[in-house]
Structure formats: structure tokens, C-alpha cells
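Take a look at the structure below.
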Amino acid sequence: MKKNTQNSDFQHIGNKLLDWYKENARDLPFRQTKDPYKIWICEIVFQQTRISQGLNHYNNFIRRFPDVQTLADAEEDEVILYWKGLGYYSRAINVHKASQQIMNDYNGVFPSQYEDILKLKGVGKYTAAAISSICFEGKIPAVDGNFYRVLSRVFADNFDISNSRAFNYFSALAEMIMPQNVGDFNQAMMDLGSEICKPKNPLCHECPLQEDCLAFSMNKTSEFPVKTKKIKTEDLHLKYYFVHRNGRFLIRQRKDDFIWKKLFEFPDSISEKLEPFSKGTKTISHKLTHKNLTIEVVDVEVTSEAVWNEFVTQNQYIITDLEASHEKSFPKPLENYIQNQK
DNA sequence: CAGACGTGGTG
DNA sequence: TCACCAAGTCT
């Protein structure tokens with residue numbers, strides 16, 4: 001406690017940040033509440049996701065699932081549906097499980113202690129700190145990519161952010177500049193990191209920390225943060241069959257622990273009897289963080305009802321159509337393929 | 001614990 | 001164009 005109130009040469013930095021935040025905080029829907037449920041959902045939605053990309057998903061999610069009870073009572077597939085197009089779909093599965101954890105373990109009351117929040121599925125150290133500080137006056141820095149970037153620049157610190165100890169390292173730095181109001185401090189760091197201290201071409205002339213920033217004084221902001229580990233991508237080839245008849249087509253739910261877990265997809269094989277119905281093939285290229293996908297989709301229009309029925313029955317595929325498919329969550333490239341059928 | 005997990009924006 | 005990155009967590 002005391003280290004936050006005295007003996008810190010750097011705490012003025014945190015206070016400057018707070019002053020800046022009072023004038024420059026972004027007006028976002030989750031900024032007007034301390035409801036831990038809403039803050040939690042917001043923190044999960046915006047993991048590795050820009051505000052502009054996730055804002056509609058956040059609003060739609062809160063409208064449909066306004067509280068823990070509603071979310072816990074929902075079907076998993078509907079929760080995943082509300083994550084459609086957002087990516088990192090395990091987040092949807094995890095918030096659903098966590099809502100049931102809250103119902104079972106905390107009688108539906110969102111836990112207020114950092115250690116309890118941390119036990120929730122899908123909630124790690126960053127998110128637990130954010131919820132704790134914003135909703136319950138916890139005094140823990142919510143160290144994320146913005147903290148890495150801002151702190152490494154302010155202190156011209158070349159600690160490698162790909163190192164697994166980076167979280168602890170930058171947490172200690174954060175505590176040196178952290179003021180009493182940690183909730184606003186954490187949110188101020190996020191706003192500064194995304195609006196001013198951007199990865200490329202930071203707006204240093206607008207930055208409240210400019211005169212404290214060592215990287216700026218050395219004209220070396222582009223050299224921080226240091227990140228040695230490069231992402232390596234591999235090529236992957238997928239093949240699907242768009243098996244359809246009279247406007248209806250076949251899908252199934254992915255069950256494995258590969259990409260797009262629990263999302264829906266097309267059959268990836270057909271029987272010999274269907275092969276004569278194959279028409280054209282379309283090739284889609286789709287990039288993931290770690291994979292360059294090439295997806296081949298074969299259009300199979302089944303003009304024989306007997307063959308269609310046999311294939312559906314033997315493989316237990318789900319029959320859907322353009323309209324009903326809106327109620328299912330598909331990977332983006334398959335969603336695009338379906339929309340192009342119109 | 002290093003690698004996997006999505007999508008869209010950016011320079 | 002394409003590598004990098006954006007409010008991380010899980011295994």
C-alpha cells in the first residue's frame with residue numbers, strides 16, 4: 001500500500017495519465033457502468049480485438065444476455081451464435097461456462113475478490129485485474145499489450161515482451177507509476193495505448209507523458225517494445241462439399257479441438273454415389289494468425305432425392321437453408337460462401 | 001510453457 | 001502485397 005503513496009519517483013507519471021484521462025476518455029458503452037457482468041463481457045470481447053471490430057458484438061450480446069442468469073440459462077450454441085464473426089470462439093464457450101460457475105459457486109452474485117474472479121473460465125490475470133480494479137476498487141494493474149508498449153517506451157526498457165516473464169516484469173513497472181485510482185489508471189493506459197501510444201506512428205506530440213518518455217527523448221519510439229519471437233505460419237489445405245438440393249444444404253458441427261471448435265461446417269467427404277452430382281469447385285484463401293488456409297469447396301447439387309436422403313441419413317448431417325443458416329455460427333470463409341449463394 | 005486460437009485493420 | 005498487430009487465455 002505504502003509504495004503507492006510515497007517513495008515513488010515515478011508516480012507523477014500515473015497522475016498525469018489520470019489527468020489526461022479525465023479530459024480524453026473515450027465515450028464507450030461500458031464506461032458508464034460498474035456492473036461487473038458488463039465489464040467482464042466487455043473485457044472478454046475486446047481481448048485481441050479492436051473496439052471498432054467488437055462494439056456491435058458487445059452491444060448485441062448484452063442486449064440478448066443482460067445478466068449472469070440469462071447467460072447461464074442460454075444454450076451454448078446461441079452464445080456461440082452471438083460470437084459469430086468475432087473470432088477466438090473459445091471465449092464464447094468460456095463465458096457461458098463461467099456464468100454457470102457464478103450461478104453455482106457464488107449464488108449468481110459476481111465474485112468481488114481477485115482470486116475468485118481469476119477462477120472463472122476464460123478469465124486470466126489481465127481480465128481479473130481489470131474487473132477487480134474497475135468494479136471493486138482492486139489495486140492491481142491490468143497489464144496488457146498497451147502496458148507493454150507504453151511502459152517499454154516511457155522507460156526505454158528493452159525487456160523482451162515475448163518472454164513469458166514479461167507479465168510479471170511489466171506489472172512491477174506499472175506499480176511504480178500506479179496512482180490510487182487503479183480502475184481509471186488501467187483504463188487510461190488502454191486509451192493512451194490505442195489512441196496515442198500506438199504501435200506504429202505514435203502521436204507523441206499529443207502525449208501527456210512526452211516529457212517523461214525516454215524513448216521519445218532518444219527519438220527511438222519505434223524500437224519499443226522489443227519482441228523477438230516471430231509468428232510462423234504454415235499452409236493448410238481444407239476441402240469441403242457444398243451438398244445441396246432445392247435450396248437446402250448440409251452442415252455439421254465441429255467437435256474436435258482444432259480451429260473453429262463447435263462452429264458449423266460443410267461435409268468434408270462425400271459418397272461415391274454423390275460424385276456424379278459434382279459441378280464446379282471454388283477455391284478460397286483465408287489467413288489466420290498461424291495458418292494460411294486454402295479452402296476448396298466443391299458444389300454438389302443432388303438431383304436425386306433417394307441419393308440425398310441416403311447420404312443425409314447415413315452421415316447424420318443437419319439440413320439447413322439460407323434463411324435458417326443465420327441461426328448457426330460458421331467460420332468466416334464458410335459464412336461468406338453461404339452468403340454468396342444468394 | 002511455447003504454441004494454438006480468428007478476424008480485420010494498417011503501413 | 002503481406003507481416004505485424006489488437007483490452008489474452010488455455011493447454
Side-chain angles (χ1 to χ4, degrees), chain A residues 25-26 28-31 38-58 80 83-95 97-98 117-131 133-134 141-150 160-168 170-171 183 185-195 197-202 222 225-236 254 256-263 284-293 295 329-336:
Chain A
R26 286 177 291 178
L28 302 168
F30 40 86
R31 284 279 164 75
K38 292 197 178 76
I39 297 299
W40 168 47
I41 297 301
C42 138
E43 292 301 338
I44 302 297
V45 165
F46 293 109
Q47 282 170 7
Q48 304 291 286
T49 305
R50 287 184 176 78
I51 296 294
S52 57
Q53 191 183 348
L55 205 48
N56 285 338
H57 282 87
Y58 170 79
I80 296 172
W83 224 265
K84 186 174 185 172
L86 196 53
Y88 285 159
Y89 299 97
S90 63
R91 293 183 292 175
I93 298 167
N94 285 334
V95 288
K97 285 180 181 161
I117 300 171
L118 194 54
K119 289 176 189 159
L120 300 174
K121 289 263 190 308
V123 173
K125 287 186 285 188
Y126 159 77
T127 301
I131 298 171
S133 65
I134 294 170
V143 176
D144 68 340
N146 291 303
F147 274 67
Y148 289 170
R149 195 165 55 255
V150 173
D160 183 2
I161 66 167
S162 2
N163 188 310
S164 58
R165 294 196 307 275
F167 184 88
N168 287 338
F170 285 100
S171 293
F185 170 72
N186 283 334
Q187 298 186 83
M189 286 287 271
M190 297 178 207
D191 278 16
L192 189 80
S194 60
E195 302 288 283
C197 196
K198 299 186 293 182
K200 291 180 179 166
N201 303 331
S222 64
V226 171
K227 184 179 184 180
T228 60
K229 200 164 60 183
K230 303 299 176 194
I231 301 166
K232 55 178 176 183
T233 58
E234 66 171 6
D235 293 334
L236 189 65
R254 294 178 66 86
D256 54 46
D257 214 346
F258 193 45
I259 54 173
W260 302 324
K261 180 181 175 184
K262 297 204 178 180
L263 270 63
I284 303 165
S285 87
H286 185 77
K287 288 184 188 307
L288 277 53
T289 303
H290 292 274
K291 290 181 174 63
N292 292 330
L293 302 181
I295 306 171
S329 197
F330 292 91
K332 197 65 181 179
L334 298 189
E335 173 72 13
N336 290 343

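Chain identifiers are assigned alphabetically (A, B, ...) following the order of the sequence lines, protein sequences preceding nucleic acid strands; residue numbering begins at 1 within each chain.
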*Whether A:H286 side chain and A:K291 backbone form a donor-acceptor pair below 3.5 Å*: no
*asked:* Check whether A:R91 reaches the backbone of A:G122 with its side chain - one donor and one acceptor, N or O, closer than 3.5 Å.
replied: no
When you measure from the side-chain N and O atoms of [X] to the phosphate of [N], is any distance below 4.0 Å, counting only OP1 and OP2?
| X | N | result |
| --- | --- | --- |
| A:K291 | B:dC5 | yes |
| A:K227 | C:dC5 | yes |
| A:S90 | C:dT9 | no |
| A:Y88 | B:dA4 | no |
| A:H290 | B:dC5 | no |
| A:Q47 | C:dA7 | no |
| A:W260 | B:dT7 | yes |

*Centroid-centroid distance, A:F147 to A:Y126, less than 6.0 Å*: no
*Has the side chain of A:T289 got a donor or acceptor atom sitting under 3.5 Å from an opposite partner on the base of B:dG6?*
yes
*asked:* Would the base of B:dG6 count as contacting A:T49 through its side chain, where contact means a donor and an acceptor less than 3.5 Å apart?
replied: yes
*CD1 of A:I161 versus P of C:dA7: gap in Å, rounded?*
10 Å
_Please enumerate all residues that pass salt bridge (charged side-chain N to carboxylate O under 4.0 Å, His left out) together with A:R31, with sequence neighbours excluded._
A:D191
Might you list the N or O atoms of the protein lying below 3.5 Å from N or O atoms in nucleotides 1-4 of chain C, with each pair's distance?
none

